[in-house]
Structures are given as C-alpha cells and as structure tokens.
Amino acid sequence: MSFPIVVLISGSGSNLQALIDQSLQGQLNINICAVISNKADAYGLERAKAAGIPTHTLNHKSFDSREAFDAELQKLIDQYQPKLVVLAGFMRILTETFAQHYEGRMLNIHPSLLPKYKGLNTHQRAIDANEKEHGVSVHFVSPELDAGAVILQASTDITKEDTAESLASRIHAMEHIIYPLAVKWFSEDRLTFHDGKAFLDKNTLSESGILYNQALT
Ligand code: GRF
C-alpha cells in the first residue's frame, strides 16, 4: 500500500513535480493525497491537477490570525490522514501548535546549508558574505523557523561569476534529488525522529545531516 502524504506549497511547485515524477516512475511508493496552497495562483496547483491530485487553496488573508489559519489548515490536512506532511516552498511561518501537531512527521526544504542563512534571500546573502560554498537542507520542522533536525544537505561551490539566480538554479536541481530521497527514506521507515533528533536506520544523524554526495540510496 502506498504511503499517504500531503504537500503544502505557495509557488512554482518544482519540488512537488519531482515527487510526482518519481512516484509515477515507481521510484517512490507514495500517494500524494492532496496539494494545499495558501495562494490561488500558485503554479504548483496546476501541476497537481495535471497529475490528478486533489487541490485546495486556503488564503491566509481570509483569516483574522495566524492561529486561525493554521487551525483550519490542520483540519484540512488531517482529513486526508497523511503519514507525512511535506512543505515544498510553503512560504508561511508556522504557529507552535501547528508545528507540534506534526512533530516528527513534517519535512521542509530550505535553500541554505543550515544552520547558516535561515530565512529569506539565502543565495544573495551567501554571495555577499563571500562564502565558498552554498547549498540546500532537508529538515524536520520544529516550531522555530528553519531550525529542526537536519536530514540531508547538498552543496555547490560559489564561483566568482555566480549570481543569486545562477546559484538558485543549481540548487533547485539538487533539491529535486535530495527531497524525494528524504521522503523515500521516511516512507520506508528508515528515517525517524525522536527527542528532537533525526535518525537514519536507527543511527543518529549529525547536526548537518548527511551530505548527499556521501548518501547511500
Ligand atoms: C525552493 O527553493 C525551496 O528550497 C524553498 O522554496 C523553493 C520552492 O521551490 N523552500 P518550488 O516551488 O518547489 O519550485
């Protein structure tokens, strides 16, 4: 039986597409039960519809508070009884109640080598700080922004010619490899979470997770 997940998006949804593609190709044994966006014009909704996946838009602007939005979102997600919630470019700060409800069963992908560059504009900030390398991290979601246990990272050298756009494009390509891999591990019960820490095959992962180049599929 395939593994039920719900994906939350706000934009293009290229990471969602990577999950759809890998599941169609049989590399991932998941069932994307629903895709939920807080923005009606998110292109990812079109990708989901094209794949026959139910979609919902929940506009955060229609709610009086962050708490009210998150409570409704939680209700909607839980109707599908997913075993995993995947944040794929979902541009919302989450309430503690929401994050705690999905503790150990919600993943996010963040375009930096965490714990460096939490928050926005990560590519430009890495260039401005003269970093030699930059990358992307998949992590469990905790109430604190971009701070949960890291599972997988992939990195790339920053060259003199790099711009925020060129870095973003290289990093996006890496995202489409490491995010489905983390989802696969979770769906196979190889990736677990206990007491704030991530484990792969029962081994505690280091603070920076596994560097993709060294990762076994
Ligand atoms: C990615 O850069 C991801 O790291 C960040 O949001 C972006 C989503 O891209 N969290 P897409 O919508 O999946 O194309």
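Note that ligands are numbered from 1 as they come in the structure, with each ligand's atoms numbered from 1 the same way. Along the sequence shown, residues carry numbers from 1.
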**Student:** Within ligand 1, which atoms have a heavy atom of Glu175 less than 4.0 Å away?
**Tutor:** 1 (C), 2 (O), 3 (C), 4 (O)

**Student:** Considering only non-hydrogen protein atoms, determine which one is nearest to atom 9 (O) of ligand 1 and report residue, atom name and distance to 0.1 Å.
**Tutor:** His172 NE2, 3.2 Å

**Student:** Can we call the ring centroids of His56 and Tyr80 under 6.0 Å apart?
**Tutor:** yes

**Student:** Under a plain distance cut-off of 3.5 Å, with no hydrogens placed, do Asn108 and Tyr179 share a side-chain donor-acceptor pair?
**Tutor:** no

**Student:** To which protein heavy atom is atom 11 (P) of ligand 1 closest, and what is the distance rounded to 0.1 Å?
**Tutor:** Ser14 N, 3.4 Å

**Student:** Ser12 heavy atoms, cut-off 4.0 Å: which ligand 1 atoms fall inside?
**Tutor:** 12 (O), 14 (O)

**Student:** Asn108 versus ligand 1: do any nitrogen or oxygen atoms come within less than 3.5 Å of each other?
**Tutor:** no

**Student:** Would you check whether Val136 has a nitrogen or oxygen atom less than 3.5 angstrom from a nitrogen or oxygen atom of ligand 1?
**Tutor:** no

**Student:** Let me know which of Gln124, His123, Glu131, His134 forms a side chain to side chain donor-acceptor pair (under 3.5 Å) with Tyr117.
**Tutor:** Glu131

**Student:** Taking all heavy atoms of Ser112 and all of Ser137, pick out the closest pair and write down the distance.
**Tutor:** O-OG, 2.6 Å

**Student:** Taking the minimum heavy-atom distance to atom 12 (O) of ligand 1, which of Gly89, Ala168, Gly13 ranks first?
**Tutor:** Gly13

**Student:** Is the side chain of Arg125 donor-acceptor paired with the backbone N or O of Leu120 at a distance under 3.5 Å, no angle test?
**Tutor:** yes

**Student:** Would you mind checking which non-hydrogen protein atom is closest to atom 5 (C) of ligand 1, with the distance to 0.1 Å?
**Tutor:** Ile109 O, 3.8 Å

**Student:** Would Arg92 count as a cation-pi partner of Phe69, with NZ or CZ less than 6.0 Å from the six-membered ring centre and within 45° of the ring normal?
**Tutor:** yes

**Student:** Pull out every atom of ligand 1 sitting under 4.0 Å from any heavy atom of Pro111, numbered as shown with elements.
**Tutor:** 4 (O), 5 (C)

**Student:** Give the intermediate values and the outcome of side-chain contact (heavy atoms from CB on, under 4.5 Å) for residues Leu107 and Val141.
**Tutor:** CA-CA 6 Å; Leu107 304 182; Val141 175; 5.8 Å; no

